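Reckoned from all heavy atoms, side chains included, excluding hydrogens, waters and symmetry mates. Model, not experiment: these values are computed from the prediction. Atoms within a ligand are numbered from 1 in the order they appear, just like the ligands themselves.
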Amino acid sequence: MSQVVLENIYKSFPPRKGESIAEPTSTALSSGKKTDAHRERADNINVLRRINLTIADGEFMVLVGPSGCGKSTLLRLIAGLEAMTGGNIWVGDRLVNDLPPKERDIAMVFQNYALYPHMSVYDNIAFGLRRRFDSREREDAEIANSSRFPISASTLSTLAENLFVGITRSLPKGLRYISHKEREVDRRVRNVAQLLQIETLLNRLPKQLSGGQRQRVALGRAIARNPQVFLMDEPLSNLDAKLRAETRAQIVKLQRQLGTTTIYVTHDQTEAMTMGDRIAIMNQGQIQQVASPLELYNRPANRFVAEFIGSPPMNFIPVEFHAPLLITHSQFRLTLPQIWESALQKYDGQTLILGVRPEHFIVSVPATKNLPVLVDLVENLGNDSFISARLGEAGFAENTGDYLQVRVPPERLVNVGDQLWLSLIPEKIHFFDPMTDLAIFPQAE
Ligand SMILES: Nc1ncnc2c1ncn2[C@@H]1O[C@H](COP(=O)(O)OP(=O)(O)OP(=O)(O)O)[C@@H](O)[C@H]1O
């Protein structure tokens, strides 16, 4: 059982030279009690704030968020490469807070591959394995030291084997004796190489490989160790678009095959949407929502998530709400489906934020319930076409200030300056509270 549990994780760094120091956030700081405010010490840079997340056994969890939101820091805390300011990390049933990285049974794959340049592909993959076997032998020796008999049976057999290996080293290659440990290393390296289709590269040095091949070696090194958990920090960001897509699919397939719990960091929402069983969206050191890709897309919890997931992003239009079901804007008015009635009741006479994804507009005919837009920019991608347009009719659009991104069918010819009328797919609209930015969900959902 290798689920990973992150419990109330906090991380702060002391300010770097030249970075400003904030005022104390709470009087609780002076109380000496270890409260949340205490962990968010005013003179520190609080990078992670109260992270709670459970990654199920065998799950592929993606951490996604804008640059600087704390994704890599969280991964480094799980790996044990950085110390936490507060909280608990469980791997399986072990609390690993105080364990060094090598004892956590976790393998990490980095963006820059982190291969040893002077070692062949074979030795790069074998390196961690050999160290692991060596450390097991050391543990054996320690146990033996603390027992009555000063040497354990397995240590004795390893010593004998090593002696034999040494003696046969001077013999021609075919006649040399290979230790049990080396045979196991060899078996695992070749299995992994076959899995990743890099068997023919085993004798090469990293500098003789392409970026994609290097990344596969880095993956191979992690897989060969057969850890409880894989941590991957933007492993594809140095690859070109085609290779990225290929390797993305390969990682997902491998992870399903191996069933190893995986935490994958990216800032790329396409990667997140296509790879993750679930996605945790982070912003400014906090998790905004954890859900399956489709759940995030269909039911974003707040405006940040709604904007982050989907490309081009969701459009947000401030409208006035009039109970029971009318919304008005200077350029259009719309009666909402019944399902919104009770959820929106309390906003009567107030402003609401209407959210519409670019693909949920339909180019329609002039009508008061339809949105007039003036086309500003046309991007034709062949299979898809997107326009940027100002909300309003010619002569007025310039003043509304509302810009929309709209997907139009590629067969529909649209030119800059065209006036279009858009209707909305009523079941696909979203509303957000203008004060809290939280999503408002209709009753039937
Ligand atoms: N050793 C450190 N000392 C001080 N601040 C740090 C340190 N490491 C990271 N930070 C800060 O912590 C914040 C989060 O950094 P982190 O690398 O975790 O972000 P990220 O979400 O992975 O970003 P990116 O996608 O750009 O890699 C950043 O503001 C960064 O400057």
For ligand 1 and [X], I'd like to know whether there is a polar contact (N/O to N/O, distance under 3.5 Å).
| X | result |
| --- | --- |
| V47 | no |
| S67 | yes |
| C69 | yes |

Q) Is there a heavy atom in G68 that sits closer than 4.0 Å to ligand 1? A)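 Yes, that is the case, since the closest heavy atom of the residue is under 4.0 Å from the ligand.
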Q | Any E234 heavy atom less than 4.0 Å from ligand 1 | A |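 The answer is yes, since E234 has a heavy atom less than 4.0 Å from ligand 1.
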Q: For T73, take its heavy atoms, then give the atoms of ligand 1 lying under 4.0 Å from any of them.
A: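 What qualifies from ligand 1 is 14 (C), 15 (O), 16 (P), 18 (O).
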Q: Measure up the F60 and Y264 rings against each other and bin them: parallel (under 30°), tilted (30 to 60°), perpendicular (over 60°).
A: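 Plane angle between 30° and 60°, so tilted.
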Q | Contacts of type side-chain hydrogen bond (donor to acceptor under 3.5 Å, both in side chains), residue Q345, not counting sequence neighbours | A |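 For Q345 there are no side-chain hydrogen bond (donor to acceptor under 3.5 Å, both in side chains) partners, ignoring immediate neighbours.
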Q. What residues, two or more places apart in sequence or in another chain, satisfy salt bridge (charged side-chain N to carboxylate O under 4.0 Å, His left out) together with E7?
A.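 Result, salt bridge (charged side-chain N to carboxylate O under 4.0 Å, His left out) vs E7: none returned.
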Q.
Working note: N302 + Q288, criterion side chain to side chain donor-acceptor pair (under 3.5 Å); need CA distance, chi angles, decisive distance, verdict.
A. CA-CA 8 Å; N302 57 40; Q288 302 288 315; 3.0 Å; yes
(Q) Between D233 and R76 (salt bridge meaning N to carboxylate O under 4.0 Å), is one present in this structure? (A)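 Judged by the 4.0 Å cut-off on N to carboxylate O distance, D233 and R76 do not form a salt bridge.
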